[in-house]
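In what follows, a structure is listed as structure tokens, so that the remarks can point back to it.
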Amino acid sequence: MKPLFGPVLTAAEMRAAEDDSDVSLQLLMARAGQVLAEAVWRFGGGQRVLIACGPGNNGGDGYVAARMLETWGLDVTVAATGEPKTELAIAARRAWGRAVGTLADTEAAPVLVDAVFGTGLTRALPPEIAGPLNRLASAASIVIAADLPSGVGTDDGRDYGAIPADITIAFAATKPAHLLQPGASFCGKVRIADIGIACKSRAAVLEKPTLAAPGPNDHKYTRGMVVVVGGAMAGAAALSATAAARSGAGYVVGVGVIGETPHAIVRRDADYLPELLNDKRVGAVVIGPGLGYDDRARELLAKAIASDRALVLDGDALQTGLPRRSKPMIITPHAGEFTRMFGDSEASKIDRVRAAAEQSGATIVFKGADTVIASPGGRVTLCPPASAWLSTAGTGDVLAGIAGAMLARGLAPHDAACAAVWLHGEAARRAGRGMIADDLLARLADCL
């Protein structure tokens, strides 16, 4: 079992992968039940176990796990929502061969295995299931969910009356709800169990990037030249410029950037921007952090968008819709900015960002507790939760600067965005509790 990694499959993609597999569904259930039993053995401390089984194949996994755990000598009780409804679940219950109670009448146990509903749920848990299951979960010392906690929407992470788990054993692949909020908050620690299914998807979990160190033939321009455009709020652009420099850019120019920055950052006034936008050595322009909304800000933004330079747009540059451009562009909206630019929707965050990327032609980093990165063509990256201490002013400005450095060093926009988000999150982890945006800057070199 491994932490979150690899492709992220929707409920439909998971069913298709199962159907396309050379492994029989019966054998897949046997493997899923085994890894679920092994999780109980590892994390349950030998305590009495109650397995709650639903009517589908998720419940069938629970019956298989119960039979194995009893064979291994644990005290196991099984309770069900009713009779199983699939052939595999019926066979698994028959193989269990012991009494099966009801959720309402069953005594709680220190270890609860939630095998009621896994992937595919799109409606609220019925009260006759939600009430007893909540009672049993509240009385348990540990709750282990099979694939997903009951009451979590697989594809959108929606809360349908979710039962919180301490550990979720995901079969074969990560699902969107393991990373999308609020569903992810109900999953506890997620571990992916290989049961022998080949999984493919255009969506994947964010991974640690591979970034080469400078070589003997590198110089300041080959390492990437970044221009950061300042405006009304000097500190924001200063954070971005410093972040770009600390992320490995070889040359950073702050246009209209005032305030405290390292001496290594070259300063120019705003009138110098057109010359820089025509300089082919400039690998990326970061504009928006602290830019403001006055006529001068709009003029600078228009020049940057009309240029041939790769762009990172953040903050004040995201007040309106954007024209499509042929050159690379990364935009980094938070929820309010995203809705203002692309409208609201009941669709999942993945679908919303994917559609916005196609509409804008940009790589989009939709920031939040469940950051999602999407690019034209359908590629999506879902990010494991970063430190909640990032919810403070200026951290987005730092992210924009890192993204500029990654673009300037030659990474493709999606890869640049992924590397930036990973470095940003790792810097926050190292900075620890009570961090502020400035603290990230000192950690970036360590992260590299």
Side-chain angles (χ1 to χ4, degrees), residues 32-33 36-70 74-86 89 92-93 96 98-154 157-171 175 177-178 181-191:
L36 189 58
E38 289 171 351
V40 173
W41 183 265
R42 289 179 62 184
F43 304 122
Q47 302 177 92
R48 187 164 54 88
V49 181
L50 169 61
I51 300 183
C53 295
N57 287 346
N58 196 248
D61 300 335
Y63 291 118
V64 173
R67 181 163 51 88
M68 290 185 172
L69 289 168
E70 187 182 59
L74 292 188
D75 183 357
V76 182
T77 302
V78 176
T81 61
E83 293 295 322
K85 296 182 179 179
T86 68
R93 176 160 172 170
W96 161 240
R98 304 285 190 276
V100 176
T102 66
L103 293 183
D105 298 331
T106 297
E107 180 184 351
V111 180
L112 173 66
V113 176
D114 174 7
V116 178
F117 295 110
T119 58
L121 186 71
T122 57
R123 57 184 174 83
L125 285 181
E128 64 271 19
I129 294 177
L133 197 53
N134 267 304
R135 172 182 65 83
L136 296 171
S138 298
S141 59
I142 184 171
V143 178
I144 300 174
D147 219 8
L148 277 170
S150 292
V152 171
T154 308
R158 191 165 298 180
D159 177 8
Y160 290 110
I163 309 300
D166 299 293
I167 299 170
T168 296
I169 306 302
F171 303 134
K175 315 303 187 299
H178 295 140
Q181 298 293 347
S185 64
F186 294 102
C187 292
K189 298 290 184 182
V190 181
R191 293 295 178 267

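Note: hydrogens, waters and symmetry copies are ignored here, and every other heavy atom, side chains too, is used.
Within the 4.5 Å cutoff, side-chain heavy atoms of L125 are placed close to those of I163. Counting heavy atoms from C-beta on, the side chains of N58 and V116 never come closer than 4.5 Å. Contact check for T119 versus F171: no side-chain heavy atoms found under the 4.5 Å cut-off. Looking at L69 and I51, their side chains come closer than 4.5 Å, going by heavy atoms from C-beta outward.
The backbone N or O of F117 lies less than 3.5 Å from a partner atom in the side chain of S150, making a donor-acceptor pair. No donor-acceptor pair closer than 3.5 Å links the side chain of T77 to the backbone N or O of L50. No side-chain donor-acceptor contact under 3.5 Å links R123 to the backbone of Y160. Between the side chain of S141 and the main chain of P110, a donor-acceptor pair closer than 3.5 Å is present. Side-chain N or O atoms of R98 include none that pairs as donor or acceptor with a backbone N or O of R67 at under 3.5 Å. With hydrogens and angles disregarded, a donor-acceptor distance shorter than 3.5 Å links the side chain of H178 to the backbone of D147.
The two residues A79 and T106 come nearest to each other via the heavy atoms CB-OG1, 3.3 Å. Scanning both residues, A165 and A145, for their nearest heavy atoms gives CB-CB, 3.8 Å. Between Y63 and A80 the shortest heavy-atom distance is OH-CB, 3.5 Å. G157 approaches A177 most closely through the heavy-atom pair CA-CB, 3.9 Å. L36 approaches D61 most closely through the heavy-atom pair CD2-O, 4.2 Å. Contact between A52 and L103 at its shortest, heavy atoms only, is CB-CD2, 3.8 Å.
Taken to the nearest 0.5 Å, the OG1 atom of T81 stands 4.5 Å off from the CD1 atom of I129. Note that CG of L74 is 12.0 Å distant from CZ of R48, once rounded to the nearest 0.5 Å. If you take SG on C187 and CD1 on I169, they are separated by 11.0 Å, rounding to the nearest 0.5 Å. Note that the CH2 atom of W96 and the CE atom of M68 stand 12.5 Å from one another [nearest 0.5 Å]. To the nearest 0.5 Å, the span separating NZ on K189 from OG1 on T168 amounts to 12.0 Å. I144 contributes atom CD1, which lies 12.0 Å from atom CZ of R191 (distance to the nearest 0.5 angstrom).
By the neighbour-count criterion of 12 heavy atoms within 6.0 Å, atom CD of E107 is sparsely surrounded, having that number or fewer from other residues, nucleotides or ligands. Within 6.0 Å of atom CZ in R135, more than 12 heavy atoms from other residues, nucleotides or ligands are found, so the atom counts as buried in its surroundings.
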